[in-house]
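Quick notes on the structure that follows.
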Amino acid sequence: MIPARSRSIQAPAAVVMVRPHNFTVNTETAADNTFQRMDEDSGGLKSRAYDEISRAVDALRSHGVTVHLFEDEGTDTPDSVFPNNWFSTHGGGHVAVYPMKAVSRRRERRWDVIEMLKREYRVQDVIDYSGLEMDGLFLEGTGAMVLDHIDRVAYAVRSDRTDPIALERFCTHFNFEPMVFDARDENGVPIYHTNVLMCVATDAALVGLSMIDNRVRREEIVSRLEASGRDIVELDARQVSHFAGNAIELQGSSGRVLALSRTAHDVLRPEQVAQIERGCRLLPLDIPTIERAGGSVRCTIAGVHLLPRGGLRSPDIPARQPAVARQ
């Protein structure tokens with residue numbers, strides 16, 4: 001199937017991933033992440049998680065997605081497999097580094113990743129918000145925010161990991177409009193990260209609308225997404241709990257693909273699959289061990305929205321503020 005729009009600034013053609021050598025479920029983050037499962041001995045997890053990321057990388061590369069794979073051989077960064085939380089990249093040559101709530105997750109920041117981006121892509125500036133951790137202000141990257149790179153909207157579920165002050169700073173610097181809302185699971189527990197609830201692709205948006213508390217706000221979100229020309233694929237609470245919202249659209253060599261987990265793929269209804277595949281092909285990746293840590297495919301992928309060195313000018317909208325120092 002040929003996508004409706006062959007290329008899109010919403011769908012990066014390159015990504016960063018981290019392969020863990022000592023994967024385990026992070027007990028420090030379990031208090032507010034109900035997606036985590038602590039019901040298995042960690043001894044068998046390491047090799048399975050390593051293999052799952054290896055196979056996911058191979059699958060993405062086979063579809064023409066460039067994957068920059070980094071190894072993590074440490075034992076004090078249990079969530080390093082989720083790099084999307086600590087940095088993001090943006091058209092115009094901008095990189096953001098984020099403040100993380102859990103102390104163990106702050107150790108995931110690695111400057112060899114940033115140096116690779118500078119070496120391989122045109123990076124104008126790196127805006128480092130990590131200093132906000134000292135003030136108890138957190139914004140966990142594209143977990144806390146789901147970014148519409150086309151219409152410049154940052155959708156964000158209110159939580160301890162998404163501080164409104166940090167969000168406002170990011171949106172001011174990077175030219176996004178914040179759209180903040182409250183959301184809860186079927187047991188009334190607040191959703192910890194926006195990217196488990198929704199995914200915004202070029203032609204469609206997958207959203208757990210029933211989990212958004214305020215009816216007026218829910219209608220505003222629907223209106224905003226529909227105004228952008230997207231089909232809305234409404235997810236129920238069960239589908240969200242199986243990570244159907246935790247997906248990312250990528251540019252492959254033969255068109256756009258929506259990377260999601262096999263777990264997520266298997267709970268989508270046929271009519272939902274048909275909706276999504278009007279714009280991109282589904283690419284299910286099998287990562288059940290990784291999902292025990294409370295995140296899925298979207299969390300394992302940090303999109304690269306930067307212009308490769310030697311390429312053409314980026315079509316994306318530049319950030320407002322150049323050369324900003326640490327925040």
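These values consider heavy atoms only, across backbone and side chains, with no hydrogens, waters or symmetry-generated copies.
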### Task
Please state whether the rings of His149 and His90 are parallel, tilted or perpendicular, taking 30° and 60° as the class boundaries.
tilted

#### Entry: Pair Glu249-Ser8, side-chain donor/acceptor within less than 3.5 Å
no

#### Entry: Evaluation steps, side chain to side chain donor-acceptor pair (under 3.5 Å), between Glu52 and Thr289
CA-CA 8 Å; Glu52 286 173 10; Thr289 305; 2.6 Å; yes

### Message
Quick one about Glu291 and Thr263 (side-chain donor to acceptor, distance below 3.5 Å, no hydrogens or angles considered), yes or no?
### Response
yes

### Query
If we ignore angles and hydrogens, is there a donor and acceptor under 3.5 Å between the side chains of Ser228 and Arg230?
yes

### Query
Does NZ or CZ of Arg19 fall inside the cone over Tyr50's six-membered ring, less than 6.0 Å from its centre and within 45° of the axis?
yes

#### Entry: Pair Tyr98-Ser88, side-chain donor/acceptor within less than 3.5 Å
yes

### Task
For the residue pair Cys199 and Leu260, establish whether any side-chain heavy-atom pair is separated by less than 4.5 Å.
no

### Set of residues satisfying ring-ring contact (aromatic ring centres under 6.0 Å, His included) with respect to Phe181, sequence neighbours excluded
none

### Task
Classify the side-chain pair Ser80/Arg105 by whether it contains a donor and acceptor separated by less than 3.5 Å.
no

### Task
Report the C-alpha separation of Gln239 and Gln272 in whole Å, then their side-chain angles, then the decisive distance to 0.1 Å, and conclude whether the side chain to side chain donor-acceptor pair (under 3.5 Å) test is met.
CA-CA 11 Å; Gln239 290 175 317; Gln272 293 173 317; 2.7 Å; yes

### Query
Run the salt bridge (Lys or Arg N to Asp or Glu O under 4.0 Å) check on Asp286 and Arg55 step by step: do they pass?
CA-CA 8 Å; Asp286 199 18; Arg55 288 192 296 268; 5.4 Å; no

### Task
If the plane angle is over 60° it's perpendicular, under 30° parallel, otherwise tilted; pick one for His173 and Tyr129.
parallel

### Query
Looking at residues at least two apart in the chain, or sitting in another chain, which of them share a ring-ring contact (aromatic ring centres under 6.0 Å, His included) with His68?
Tyr121

### Straight-line distance of Ile9 CD1 to Thr202 OG1, nearest 0.5 Å
8.5 Å

### Message
Do Gln275 and Glu271 have side chains that approach each other closer than 4.5 Å (heavy atoms only, starting at C-beta)?
### Response
no

### Query
Any side-chain heavy atom of Val257 within less than 4.5 Å of one from Cys280?
no

### Message
Within this structure, what is the CG-CD1 distance for the pair Leu206 and Ile232, rounded to the nearest 0.5 Å?
### Response
10.5 Å

